[in-house]
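I have placed the structure first, in the form of structure tokens, so that the comments after it can refer back to it.
All figures in this text were calculated on a predicted structure; none of them were measured in a lab. Any value given below was found using the heavy atoms of this structure, including those in side chains, with hydrogens, waters and symmetry copies removed. Counting starts at 1 for both ligands and their atoms, in listed order.
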Amino acid sequence: MERAPDATAAPGDHSIVTFQQHLLQQQREYYPGAKGSFSWLLSGLTLATKMIQARVRRAGLLDVLGAAGDVNVQGEVQQKLDVFANQALLHCLGVPEIVAVLVSEENENPVTLRRSEGAGGYVIVFDPLDGSSNIDVNVGVGTIFSILRRPAAGGAVAAADAALQPGASQVAAGYVMYGSSTILVYTAGKGVFGFTLDPAVGDYVLSHPDIRMPEAGNIYSVNEALAASFPDRYRRYLDRLRSGATGRRYASRYVGSMVSDVHRTLFKGGVFLYPPTDRDPGGKLRLLYEANPIAYIVEQAGGRATDGERRILDIQPEHIHQRTPLVLGGRAEMEEFDKAPGAVPEPSRR
Ligand code: P6P
């Protein structure tokens, strides 16, 4: 006979905490004077991701597969879901009065909202549907977001440049992965939390209260087809991982959708890297809306993220679609990379 759940169980043993409740708890604990505008902003974000996931889940049925035909600012043929995801985010994030500037992978220029003449407010930077080239084959894709405060300088020009801040300035960051389940992974500098979308109630529910990246893993994740053009340092590093010279045996796993590869690395440990290549000598991934938010999550979970030389979060962006090489992983894998011959001397590395 199964025991009835203990009605006197201390709250928190089995309590259901939604993302909204989590934000209110964090606000009460860390920002008691806050007026709730930040959580209003995040409710717009989560609404957009629920709209996106509803479309992603039905992609094969709604004849949205295949390219919309247009070519976006990245020179990539746009998938119809890309367009929808971008429009959903621009709409839902444009509603809260406290949002001054929006920067999207799909828009060549920042969207400065009418209210941006004044000072203050937030800047939200996002990749609406990262990995979208994999949609047709049902691979996990994701929305990546980064939240910054608008510099106090104010003024329309400052609004356009307001996103050009190092990643260390981020107020919060995260991603929503539309995989076998839909999970929001989020940090505001007080640890990393995972919230799984419960379709029965349509809410993100706390499922991973304290995500920590394993100190050492056994998976490396890189596009091996490009290895011949990686700089020597990266090739020697990968050879050491493959050969067992580090004392650990590694498997190779690469999805080709950053959110999927990063999510696995966050939970299982190891290393994910996108080195400089002949095709992309400055790296392929975008600093503002891919590397920065992911680096914030990874560091808050106990890992590290660099561009091969510098801490990602220390890089001062020059333009909003700037690319960067990216190496991120657990302590052991990142220390191994630091030791790889050709590494930059200690003082200039963080
Ligand atoms: P490659 C997807 O297009 C993306 O921007 C990331 O999600 C992913 O990590 C990377 O590109 C994959 O690039 O050159 O290995 O196909």
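- Numbered from 1 in the order shown, with element, the atoms of ligand 1 that lie under 4.0 Å from a heavy atom of Gly256 read 2 (C), 8 (C), 12 (C).
- Taking the side chain as every heavy atom from C-beta outward, Glu290 and Leu326 never approach each other to under 4.5 Å.
- Neither side chain, Asn292 nor Ser146, offers a donor N or O lying under 3.5 Å from an acceptor on the other.
- Counting only residues at least two apart or on different chains, the ring-ring contact (aromatic ring centres under 6.0 Å, His included) pairs with a member in residues 236-256 are Tyr237-Phe337.
- Ring centroids of His263 and Tyr175 are separated by less than 6.0 Å, placing the two rings close together.
- Within ligand 1, counting atoms from 1 as listed, the ones closer than 4.0 Å to a heavy atom of Asn223 are 1 (P), 14 (O), 15 (O).
- Of all the atoms in ligand 1, the ones that sit under 4.0 Å from a non-hydrogen atom of Arg279 are 14 (O).
- Listed by number with element, the atoms of ligand 1 under 4.0 Å from a non-hydrogen atom of Ser257 are 7 (O).
- The contact set between ligand 1 and Tyr254, taken as ligand atoms under 4.0 Å from a residue heavy atom, comprises 1 (P), 12 (C), 13 (O), 15 (O).
- Of the listed options Lys284, Glu224, Arg286, Lys284 places a heavy atom closest to atom 10 (C) of ligand 1.
- The ligand atoms of ligand 1 that sit less than 4.0 angstrom from a heavy atom of Asp130 are 5 (O), 6 (C), 7 (O).
- Using a 4.5 Å cut-off on side-chain heavy atoms (C-beta onward), Arg279 and Lys284 make contact.
- Within the structure, the closest approach of Asp261 to ligand 1 does not fall below 4.0 Å when heavy atoms are considered.
- Residue contact check for ligand 1: Glu290 places a non-hydrogen atom closer than 4.0 Å to it.
- In summary, Glu299 and Arg311 engage in a salt bridge, as defined by a charged side-chain N under 4.0 Å from a carboxylate O.
- Residue contacts with ligand 1: Phe272 is placed with no nitrogen or oxygen under 3.5 Å of a nitrogen or oxygen of the ligand (distance criterion only).
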When the side chains of residues 194-203 are checked against the rest of the protein, which donor-acceptor pairs come out under 3.5 Å, sequence neighbours left out?
| residue | atom | partner | partner atom | Å |
| --- | --- | --- | --- | --- |
| Thr196 | OG1 | Ser207 | OG | 2.7 |
| Asp198 | OD1 | Ala200 | N | 2.8 |

